[in-house]
Amino acid sequence: MENRIRLGHGSGGALSSRLIKEAFLPLLGNPILDQLADSGVFHLDGKTLALTTDSFVVRPIFFPGGDIGKLSASGTINDLAVCGARPIYLTGGFILEEGLGLDDLERITRSFSETIREVGATFVAGDTKVIEGSGGVIINTAGLGEVMPGVDLSPARIEPGDRIIITGTVGDHGFAVILARGELGLSADFPSDCAPIWGMLEPLYEKLGRDVKFVRDPTRGGLATVLNEASRQGLDFVINEPDVPVRPEVAAASELLGLDPLYAACEGRALIFVSEDKAEEALDILRSHPLGRGSTVIGLVKEGNGIVMGITETGGKRVLDVLAEDQYPRIC
């Protein structure tokens with residue numbers, strides 16, 4: 001690993017993976033942490049609990065469809081939700097840069113609070129620090145949830161024949177934030193997908209239970225990166241790229257900027273692996289929720305060599321590998 005940290009180490013790509021495996025796991029690793037899931041899942045007094053922590057840095061702190069308050073609460077809730085856990089308690093550490101407007105802080109705190117209440121969770125502890133800076137804010141969170149009975153989510157449970165579902169258009173958050181910066185002379189006509197997805201996933205878990213194999217929210221590094229994180233020797237994930245929903249505005253911006261929406265962050269979507277014979281039922285359940293109306297099957301699992309393969313519109317094939325670092329930093 002390189003001797004000094006650079007922005008790419010926080011991208012969610014190959015550099016991030018190396019940083020975790022070389023700098024943290026040798027000293028902090030244990031059977032729970034070594035799973036490298038979005039939450040640590042453990043048993044306590046007869047209950048299965050999930051505990052997660054996250055830190056949020058986004059520029060600008062207000063963007064179409066949300067702000068850093070909504071983003072941080074949603075991201076924490078979603079990390080619990082994709083582990084099958086009902087969010088119960090959240091904490092937050094607010095690191096405020098000198099010069100931040102109090103009106104802006106109130107707006108951020110309000111959206112943070114409203115997002116937590118939306119899923120029936122409770123904010124139970126917080127902290128503030130003030131540092132030198134230019135009026136920004138960093139939010140660190142923790143979240144505790146209880147895993148629903150009968151839910152068993154793990155990439156180890158993925159099998160040949162399983163269907164791969166995405167619950168809506170990809171790349172909305174990443175491109176909304178990029179364009180909101182105004183650095184590229186383009187404007188965003190669409191909102192980020194930033195939202196808490198527990199309400200969408202809860203009925204899926206209730207009705208399908210173990211037929212739901214694995215779930216992740218494709219945040220840093222986007223859809224392609226999460227697929228690679230779930231892959232293992234013996235299985236190939238084959239993605240039909242024309243079936244992956246992409247907003248026309250995102251498609252146009254990605255073509256203009258030379259960026260790939262499959263690697264752009266989402267903050268209100270779920271990537272779901274489900275048994276082949278339950279795929280249609282899963283779609284019906286997901287589409288009954290406002291956040292899941294765009295749910296669609298985008299691929300399937302085959303026997304193979306641990307490759308994530310994209311089938312293009314012309315029938316060509318390309319390997320969707322992990323990028324070394326993010327296409328554009330400071331998205332979430």
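- Residues Ser111 and Asp67 have side chains that bring a donor and an acceptor to within less than 3.5 angstrom of each other.
- Between Phe123 and Phe94, the ring planes lie perpendicular to each other; the angle is over 60°, past the 30° to 60° tilted range.
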Show the numbers, then the answer: is there a side chain to side chain contact (heavy atoms under 4.5 Å, CB included) between Leu71 and Val58? CA-CA 9 Å; Leu71 174 67; Val58 64; 4.0 Å; yes

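- Residues Ile285 and Tyr205 fall within the same hydrophobic cluster, defined by Ile, Leu, Val, Met, Phe, Trp and Tyr side chains chained together at heavy-atom separations under 4.5 Å.
- Judged as a salt bridge (charged side-chain N to carboxylate O under 4.0 Å, His left out), the pairs with a partner in residues 134-160 (not counting sequence neighbours) are, in order, Asp152-Arg157, Asp152-Arg210, Glu159-Lys213.
- Open room surrounds OH on Tyr89; 12 or fewer heavy atoms of other groups in view lie less than 6.0 Å from it.
- Side chain to side chain, Arg117 and Ser113 meet the donor-acceptor criterion of an N or O pair below 3.5 Å.
- Side-chain contact check for Leu153 versus Val151: some heavy-atom pair is nearer than 4.5 Å.
- One side chain, Thr48 or His43, offers a donor N or O that lies under 3.5 Å from an acceptor on the other.
- Under the 4.5 Å side-chain contact rule for hydrophobic residues, Ile166 and Leu300 do not share a cluster.
- The environment of CD in Glu206 is crowded: more than 12 heavy-atom neighbours from other residues, nucleotides or ligands sit within 6.0 Å.
- Asn140 and Ser55 are linked by a side-chain donor-acceptor pair at a separation below 3.5 angstrom, with hydrogens and angles left out of the test.
- Shortest non-hydrogen contact noted between Ile77 and Thr115 is CD1-O, 3.8 Å.
- Taking both residues in full, the closest heavy atoms of Gly168 and Pro245 are given as O-CG, 3.3 Å, listed atom of the first, atom of the second, then distance.
- The shortest non-hydrogen separation linking Cys266 to Val170 is SG-CA, 3.7 Å.
- Residue Phe42 qualifies as enclosed at atom CZ: its count of foreign heavy atoms under 6.0 Å is above 12.
- With Thr76 as the fixed residue, the side-chain hydrogen bond (donor to acceptor under 3.5 Å, both in side chains) test singles out one of Thr53, Asp38, Thr141: Thr141.
- Side-chain contact between Val147 and Cys83 is absent, with no heavy-atom pair separated by less than 4.5 Å.
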Under the salt bridge (charged side-chain N to carboxylate O under 4.0 Å, His left out) rule, what do Lys207 and Glu281 come out as? Steps first, then yes or no, please. CA-CA 9 Å; Lys207 295 176 182 178; Glu281 185 177 353; over 6 Å; no

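- Residue Glu114 places its CD atom among more than 12 non-hydrogen atoms of other residues, nucleotides or ligands, all under 6.0 Å distant.
- Ile158 is listed as a side-chain neighbour of Phe237, based on a closest heavy-atom distance under 4.5 Å.
- Considering only heavy atoms from C-beta on, Ile165 stays 4.5 Å or farther from Ile298 through its side chain.
- Partner of Ile272 under the side chain to side chain contact (heavy atoms under 4.5 Å, CB included) criterion, chosen from Ile164, Asp162, Val297, Leu201: Leu201.
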Leu15/Arg6 under side chain to side chain contact (heavy atoms under 4.5 Å, CB included): CA gap, chis, key distance, verdict: CA-CA 9 Å; Leu15 285 179; Arg6 67 175 199 246; 3.3 Å; yes

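- Residues meeting the side-chain contact (heavy atoms from CB on, under 4.5 Å) test with Leu27, sequence neighbours left out: none.
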Apply side chain to side chain contact (heavy atoms under 4.5 Å, CB included) to the pair Thr169 and Asp193, showing each step before the final yes or no. CA-CA 8 Å; Thr169 51; Asp193 62 328; 5.9 Å; no

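- Nearest heavy-atom pair across Gly65 and Pro191 is CA-CB, 3.7 Å.
- Between Glu241 and Arg318, at least one side-chain nitrogen of the basic residue sits less than 4.0 Å from a carboxylate oxygen of the acidic one, meeting the salt-bridge criterion.
- Closest of all the heavy-atom pairs between Val119 and Pro196 is CG1-CB, 3.9 Å.
- Between Phe273 and Phe214, the ring-plane angle classifies as tilted under the 30° and 60° cut-offs.
- Under the 3.5 Å distance criterion, the side-chain polar atoms of Asp104 are left unmatched by any main-chain donor or acceptor of Leu100.
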Which side-chain N or O atoms in residues 127-135 pair as donor and acceptor under 3.5 Å with protein atoms at least two apart or in another chain?
from	atom 1	to	atom 2	distance (Å)
Asp127	OD1	Lys129	NZ	3.2
Asp127	OD2	Lys129	NZ	2.8

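- Expressed to the nearest 0.5 Å, how far CD1 of Ile311 lies from CG of Leu320 amounts to 9.0 Å.
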Checking Asp54 against Asp79 for the side chain to side chain contact (heavy atoms under 4.5 Å, CB included) test, could you report, in this order, the C-alpha distance in whole Å, the side-chain angles of both residues, the deciding distance, and whether it holds? CA-CA 9 Å; Asp54 209 338; Asp79 281 351; 3.5 Å; yes

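- Pairing each heavy atom of Leu271 with each of Pro218, the nearest pair is N-CD, 4.2 Å.
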